[in-house]
Every structure is written in C-alpha cells, then in structure tokens.
Amino acid sequence: MGIELPGYPRRVEALRPVNIMLYKVTIEPEYLKAELFNRETMEETREFLQIVAGAATRYQRSSVLICVHSSNPVFTVERSGFLAYFKKLSVDPSHKIALLGDSEELGISHQYIELIGRQHGVNVQSFRDETAAVKWFKGEPNRQRSSGSTPSE
C-alpha cells in the first residue's frame, strides 16, 4: 500500500496475473495431439504452430489435433503461420488437421482458419469435441462439426 500525501493523487497499483503460454504435445498411436493454453500474441501462435508442425513431421503423423484453451482467437491466418507450417503436411493426401477450442470465439476463429486453409489445400476442420475429431481421423461417419456445415472430403 502507498502513503497518501495532501495535494497529491493517490497511486493505486493492481497486480495483474501473468498468463504464460503453455503447450503440451502428445504422440498418440494414430495422431498427434497438441494442446495450447494462454496464448495471447501472434508470436506465441507462430512458435506453437512451428513446434506442432515439426513434431507431426518428425513423428510421421498425418493427423493432428490442435486443442486451444484460454487463448485469444486468431483471425489473421497468414500472419499466424498456419498456412506456412501446415502446407508441408498437405503433400500427404491423407493429412487431416482438427481444431478444437474451449470458447465460442475460438470456435468462430477456427471456422475461419478452416475456410482459408481449405482454399490453400489444407484438409482442416473445426470441431466442438475431441471425440468427433478423432472419429474424423478414423474416417467414421456422423461427426459433429462446430460449423454445422456438410463436410467435404
């Protein structure tokens, strides 16, 4: 706390919790799962996507599940590096990238990424739940997509 002096404005300081970007990459038997927490900046986005794309290549996973938690939505796909990093995976015709977010805003941004990615030949789809995304990887029908539109494969 500070000292109040007559004639001087009171100084108030608030401590803001620091959100540190965290991520976890897991090599599943049939796909790569990448979880991202507290991403705030475009630089953090590029760093994460570079790590994920590198791991998918290194561990030879053509299916990638990206789960985003407590993060800012991304609406500048080109600046995020998404196309640059995942265009390499699109060389494999069996590649699939599933996006999963924990908020409505992330869901909307993932739908936008899906639209732009598909225009550039990246097989990417946004989902509401992990089970639906894994079913898509396996080619199982009746998947529930976040956009509600008819999937095209």
Side-chain angles (χ1 to χ4, degrees), residues 14-153:
L15 296 177
R16 180 177 168 250
V18 177
N19 291 332
I20 298 173
M21 180 187 78
L22 302 170
Y23 61 86
K24 177 182 176 183
V25 178
T26 308
I27 312 304
E28 300 290 341
E30 297 176 358
Y31 61 96
L32 181 120
K33 181 177 180 179
E35 297 179 89
L36 176 64
F37 302 86
N38 304 321
R39 186 222 355 99
E40 293 185 1
T41 67
M42 201 56 65
E43 182 179 314
E44 290 173 334
T45 303
R46 285 189 294 270
E47 176 186 340
F48 173 71
L49 293 175
Q50 181 179 21
I51 290 165
V52 173
T57 301
R58 186 175 326 117
Y59 295 103
Q60 301 177 336
R61 295 297 189 272
S62 59
S63 295
V64 177
L65 174 61
I66 298 175
C67 304
V68 183
H69 309 278
S70 303
S71 296
N72 291 330
V74 171
F75 290 102
T76 52
V77 179
E78 294 81 7
R79 283 186 43 218
S80 73
F82 181 85
L83 295 175
Y85 296 124
F86 290 104
K87 195 85 162 131
K88 296 173 187 174
L89 286 180
S90 67
V91 172
D92 178 355
S94 68
H95 85 282
K96 294 180 178 183
I97 299 167
L99 303 173
L100 184 63
D102 67 354
S103 71
E104 186 175 343
E105 293 82 12
L106 283 169
I108 292 167
S109 77
H110 288 169
Q111 290 173 19
Y112 177 71
I113 292 169
E114 176 182 337
L115 173 70
I116 302 300
R118 287 185 167 274
Q119 290 174 350
H120 288 86
V122 179
N123 191 9
V124 57
Q125 289 192 19
S126 57
F127 292 88
R128 290 186 181 163
D129 65 72
E130 187 170 337
T131 302
V134 172
K135 284 182 178 181
W136 178 57
F137 289 155
K138 296 177 179 180
E140 295 178 19
N142 298 326
R143 64 186 179 271
Q144 180 184 14
R145 300 187 50 211
S146 66
S147 61
S149 62
T150 304
S152 59
E153 294 190 58

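Residue Glu30 comes nearest to Ser63 through the heavy atom pair O-CB, 4.0 Å, listed as atom of the first residue, atom of the second, then distance. Annotation for Glu44 and Asn38: closest pair OE1-O, 4.1 Å, computed over non-hydrogen atoms. Residues Ala133 and Leu65 come closest through the heavy atom pair CB-CD1, 3.8 Å. Closest approach of Lys96 to Phe137, counting heavy atoms only: O-CE2, 3.7 Å. Nearest heavy-atom pair across Leu106 and Pro73 is CD2-CA, 3.8 Å. Across all non-hydrogen atoms, the minimal contact from Glu114 to Val124 is CG-O, 3.1 Å.
Looking at Leu32 and Ile27, their side chains come closer than 4.5 Å, going by heavy atoms from C-beta outward. Inter-residue side-chain proximity for Asn72 and Thr45 is flagged as unmet; no heavy-atom pair is nearer than 4.5 Å. Contact annotation: the side chain of Ser80 approaches that of Met42 to within less than 4.5 Å [non-hydrogen atoms, C-beta and beyond].
Note that CZ of Phe127 and CD1 of Ile66 are 12.5 Å apart. Values are rounded to the nearest 0.5 Å. To the nearest 0.5 Å, atoms CD1 (Ile97) and OG (Ser126) are separated by 12.5 Å.
Under the side-chain hydrogen bond (donor to acceptor under 3.5 Å, both in side chains) criterion, Gln50 pairs with no residue at all, not counting sequence neighbours.
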Original post:
Stepwise, does the side-chain contact (heavy atoms from CB on, under 4.5 Å) test hold for Val74 with Arg39?
Top reply: CA-CA 10 Å; Val74 171; Arg39 186 222 355 99; 3.6 Å; yes

**OP:** Just do the side-chain contact (heavy atoms from CB on, under 4.5 Å) check on Asn123 and Arg118 with the steps written out, would you?
**Re:** CA-CA 6 Å; Asn123 191 9; Arg118 287 185 167 274; 3.1 Å; yes

**OP:** Start with the C-alpha gap between His110 and Val68, add the side-chain angles, then the distance that decides, and say whether side-chain contact (heavy atoms from CB on, under 4.5 Å) holds.
**Re:** CA-CA 10 Å; His110 288 169; Val68 183; 3.8 Å; yes

Original post:
Hey, mind stepping through Gln111 and Leu115 against side-chain contact (heavy atoms from CB on, under 4.5 Å) and telling me if it holds?
Top reply: CA-CA 6 Å; Gln111 290 173 19; Leu115 173 70; over 6 Å; no

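Not one N or O on the side chain of Lys33 forms a donor-acceptor pair closer than 3.5 Å with the backbone of Glu28.
Under the ring pair (Phe, Tyr, Trp, His ring centres under 6.0 Å) criterion, the residue pairs touching residues 85-109 are Phe82-Phe86, with sequence neighbours excluded. Screening residues 36-60 for ring pair (Phe, Tyr, Trp, His ring centres under 6.0 Å) gives Phe37-His69 as the qualifying pairs, with residues at least two apart or on separate chains.
In the displayed structure, Glu43 atom CD is contacted under 6.0 Å by at most 12 heavy atoms of other residues, nucleotides or ligands. Residue Gln119 qualifies as enclosed at atom CD: its count of foreign heavy atoms under 6.0 Å is above 12.
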